[in-house]
> 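This is the structure, below, for whatever I ask next.
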Number of protein chains: 2
Amino acid sequence: MDQKKICPRFEKALKILNHSWNTLLIYQLLEGSQRYSTIKNQVGISSRVLTERLKELEIENIVKRTVIPSTPVVIEYELTEKGHALAPILKAIEQWSSMWVNIEE
Amino acid sequence: MDQKKICPRFEKALKILNHSWNTLLIYQLLEGSQRYSTIKNQVGISSRVLTERLKELEIENIVKRTVIPSTPVVIEYELTEKGHALAPILKAIEQWSSMWVNIEE
DNA sequence: TTTTTGTACTTACATTTCGTAACTTAGTTT
DNA sequence: AAACTAAGTTACGAAATGTAAGTACAAAAA
């Protein structure tokens with residue numbers, strides 16, 4: 001009868017984390033600051049979506065974007081403190097997957 | 001140059017968890033066994049997608065589906081052991097969101 | 001001086017996924 | 001017989017996603 005009484009903060013967290021690629025991008029950036037092209041190659045995401053997601057994560061203050069005025073210009077992306085605070089979630093997923101996920105078809 | 005060396009188990013875990021609604025459904029089922037219509041109303045998901053996701057989670061052995069031969073027939077869904085093992089991930093997300101997510105626009 | 005190269009995006013377009021609302025099935029009560 | 005209930009299905013338009021080609025800018029190469 002009544003509906004969702006789920007905490008809005010929690011819902012927003014899920015909205016961010018469940019948006020496709022975001023968790024993988026954060027996982028990748030836990031390795032440290034990285035350039036756009038490095039992320040793209042490592043994660044195997046298209047540039048269209050990568051740009052979109054990095055912008056989203058930047059707006060959410062999870063990722064910081066830095067322009068390095070070299071030639072040609074290079075952009076570095078890194079996790080903010082808020083972004084680094086996601087590490088325990090990723091660790092928990094890692095642990096669960098190593099315990100419960102099998103991959104033979 | 002080289003590409004993703006990400007653990008395939010981890011990748012599969014992300015694939016399941018990031019699929020929209022799945023995390024929220026698991027969170028809801030952590031409350032205990034529930035009927036189809038209850039889940040639908042509590043989570044606010046459409047029946048088309050709900051059916052799709054529950055089937056997916058059942059195939060992944062995260063959710064168990066039980067037919068109760070009442071009239072009309074009722075279906076109960078509950079987490080398996082593998083499903084319950086996801087609780088620490090959800091807790092970590094809860095903790096992060098309470099710490100870092102703010103919601104005023 | 002013109003052409004090519006590298007980096008970080010954009011754009012156009014086809015494919016896939018999603019949300020909405022109406023419909024189905026089967027036994028039961030009215 | 002008509003209406004009701006629970007758990008889905010189906011049809012279809014809207015939104016998100018992937019793919020591939022294009023853009024801007026400066027400098028190095030030809």
Side-chain angles (χ1 to χ4, degrees), chain A residues 1-4 6 11-12 14-29 32-60 62-79, chain B residues 1-4 6 11-12 14-26 28-29 31-60 62-79:
Chain A
M1 242 157 212
D2 60 319
Q3 212 164 335
K4 52 182 170 182
I6 294 170
E11 272 198 272
K12 182 163 185 197
L14 283 189
K15 194 178 164 192
I16 297 168
L17 294 175
N18 279 344
H19 205 178
S20 65
W21 295 108
N22 277 349
T23 319
L24 205 51
L25 292 177
I26 291 159
Y27 184 72
Q28 178 67 29
L29 284 173
S33 179
Q34 280 166 69
R35 304 171 39 175
Y36 181 91
S37 58
T38 306
I39 300 170
K40 181 160 153 42
N41 293 331
Q42 295 285 327
V43 172
I45 186 178
S46 71
S47 42
R48 199 188 67 73
V49 180
L50 178 55
T51 305
E52 203 171 284
R53 289 305 180 282
L54 287 173
K55 202 168 291 176
E56 177 187 352
L57 292 174
E58 200 192 346
I59 287 169
E60 293 299 336
I62 288 169
V63 157
K64 190 187 168 212
R65 179 179 184 273
T66 307
V67 179
I68 296 171
S70 58
T71 305
V73 74
V74 161
I75 315 285
E76 287 263 336
Y77 290 94
E78 63 187 315
L79 293 178
Chain B
M1 242 157 214
D2 58 320
Q3 214 165 337
K4 53 182 171 183
I6 295 171
E11 271 198 273
K12 181 163 185 197
L14 282 189
K15 194 179 164 191
I16 298 167
L17 294 175
N18 278 344
H19 204 177
S20 64
W21 295 107
N22 276 349
T23 318
L24 206 50
L25 291 176
I26 291 158
Q28 178 67 27
L29 284 171
E31 306 273 314
S33 179
Q34 279 165 71
R35 304 170 40 176
Y36 182 89
S37 58
T38 305
I39 300 170
K40 180 159 152 44
N41 292 331
Q42 294 286 327
V43 173
I45 185 178
S46 72
S47 42
R48 199 188 68 73
V49 179
L50 177 56
T51 305
E52 202 172 283
R53 288 305 181 282
L54 286 173
K55 202 168 290 174
E56 176 188 352
L57 292 174
E58 200 192 346
I59 287 170
E60 294 299 338
I62 289 169
V63 157
K64 190 187 169 212
R65 179 180 184 272
T66 307
V67 178
I68 297 170
S70 58
T71 305
V73 77
V74 161
I75 315 284
E76 286 262 337
Y77 290 94
E78 63 187 313
L79 292 179

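In what follows, every chain begins at residue 1, and chains take the letters A, B, ... in the order their sequences are listed.
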> How close or far is atom C1' of dA7(D) from atom CD of Glu76(B), stated in whole angstroms?
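After rounding, the reported distance stands at 13 Å.
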
> Write down the distance between CG (Leu24(B)) and P (dG19(C)), rounded to a whole number of angstrom.
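Between P of dG19(C) and CG of Leu24(B): 12 Å.
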
> Grab the NZ-C1' distance between Lys15(B) and dT17(C) for me, whole Å please.
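In whole Å, dT17(C) C1' lies 14 Å from Lys15(B) NZ.
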
> Quick one: on DNA chain D, does Ser47(A) or Pro72(A) contact a more 5' nucleotide (nearest heavy atom)?
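Comparing both residues, the 5'-ward one is Ser47(A).
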
> Run the salt-bridge test on Lys12(B) and Glu60(B) with the 4.0 Å N-O cut-off and return the result as yes or no.
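Looking at Lys12(B) and Glu60(B), the cut-off is met.
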
> Could you state the atom-to-atom distance from NZ of Lys40(A) to C1' of dT10(C) in whole Å?
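After rounding, the gap between these two atoms is 13 Å.
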
> Return no unless some side-chain N or O of Arg53(B) is found under 4.0 Å from OP1 or OP2 of dG19(C).
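False: Arg53(B) side-chain N/O out of range (4.0 Å or more) of dG19(C) OP1/OP2.
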
> Using the side chain to side chain contact (heavy atoms under 4.5 Å, CB included) definition, which of the options Leu17(B), Ile16(B), Thr23(B), Asn22(B) pairs with His19(B)?
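Checked Leu17(B), Ile16(B), Thr23(B), Asn22(B) against His19(B); only one passes side chain to side chain contact (heavy atoms under 4.5 Å, CB included): Asn22(B).
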
> Take atom CD of Glu52(B) and atom P of dT10(D), then tell me their distance rounded to the nearest Å.
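Glu52(B) atom CD is separated from dT10(D) atom P by 12 Å.
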
> As a test of reading the structure: which of dA6(D), dG27(C), dG19(C) is closest to the side chain of Thr71(B), going by heavy atoms?
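Closest nucleotide among those given: dG27(C).
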
> Counting side-chain heavy atoms from C-beta on, which of dA8(C), dC18(C), dT17(D) comes nearest to Val49(B)?
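Of dA8(C), dC18(C), dT17(D), dC18(C) is nearest to the side chain of Val49(B).
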
> Under 4.0 angstrom, heavy atoms only, what part of the nucleic acid is Ser37(B) near: base, sugar-phosphate, or nothing?
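If one applies the 4.0 Å heavy-atom cut-off, Ser37(B) turns out to touch the sugar-phosphate alone, with no base involved.
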
> Do you see a donor-acceptor pair shorter than 3.5 Å between the side chains of Thr66(B) and Tyr77(B)?
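No, no side-chain donor-acceptor pair sits under 3.5 Å.
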
> Output the rounded distance in Å from NE2 (His19(A)) to C1' (dC18(C)).
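Between C1' of dC18(C) and NE2 of His19(A): 12 Å.
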
> Is the closest side-chain heavy-atom distance between Val63(A) and Glu78(A) below 4.5 Å?
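Contact flag for Val63(A)/Glu78(A) side chains = no.
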
> Once you apply a heavy-atom cut-off of 4.0 Å, does Ser46(A) come out as touching a base, just sugar-phosphate, or nothing?
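Since a base atom lies under 4.0 Å of Ser46(A), the category is base.
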
> Does Ser20(A) reach a base, just sugar-phosphate, or nothing at all? Heavy atoms under 4.0 Å.
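Touches sugar-phosphate only.
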
> If you assign each of Leu54(A) and Arg48(A) to its closest nucleotide in DNA chain C, which residue comes earlier from the 5' end?
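Its nearest nucleotide being more 5', the pick is Leu54(A).
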
> Rounded to whole Å, how long is the line connecting atom CD1 of Ile75(A) with atom P of dG6(C)?
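So the CD1-P distance, Ile75(A) to dG6(C), works out to 18 Å.
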
> Any salt bridge linking Glu11(A) with Lys15(A)? Criterion: basic side-chain nitrogen under 4.0 Å from a carboxylate oxygen.
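Salt bridge flag = no for Lys15(A) with Glu11(A).
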
> Calculate the interatomic distance between Asn18(B) atom CG and dT17(C) atom C1'; express it in whole Å.
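It works out to 15 Å between those atoms.
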
> Counting only side-chain N and O atoms of Lys55(A), is one of them less than 4.0 Å from OP1 or OP2 of dA8(C)?
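No, outside the criterion.
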
> Tell me whether the OP1 or OP2 atom of dA6(D) has a side-chain N or O from Tyr77(B) closer than 4.0 Å.
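Result: no.
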
> Ignoring the backbone of Trp21(A), work out which of dC18(C), dG18(D), dA6(D) is nearest its side chain.
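Within the option list, the nearest is dG18(D).
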
> Out of dA8(C), dA26(D), dG8(D), which nucleotide sits closest to the side chain of Tyr36(B)?
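Given the options dA8(C), dA26(D), dG8(D), the side chain of Tyr36(B) is closest to dG8(D).
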
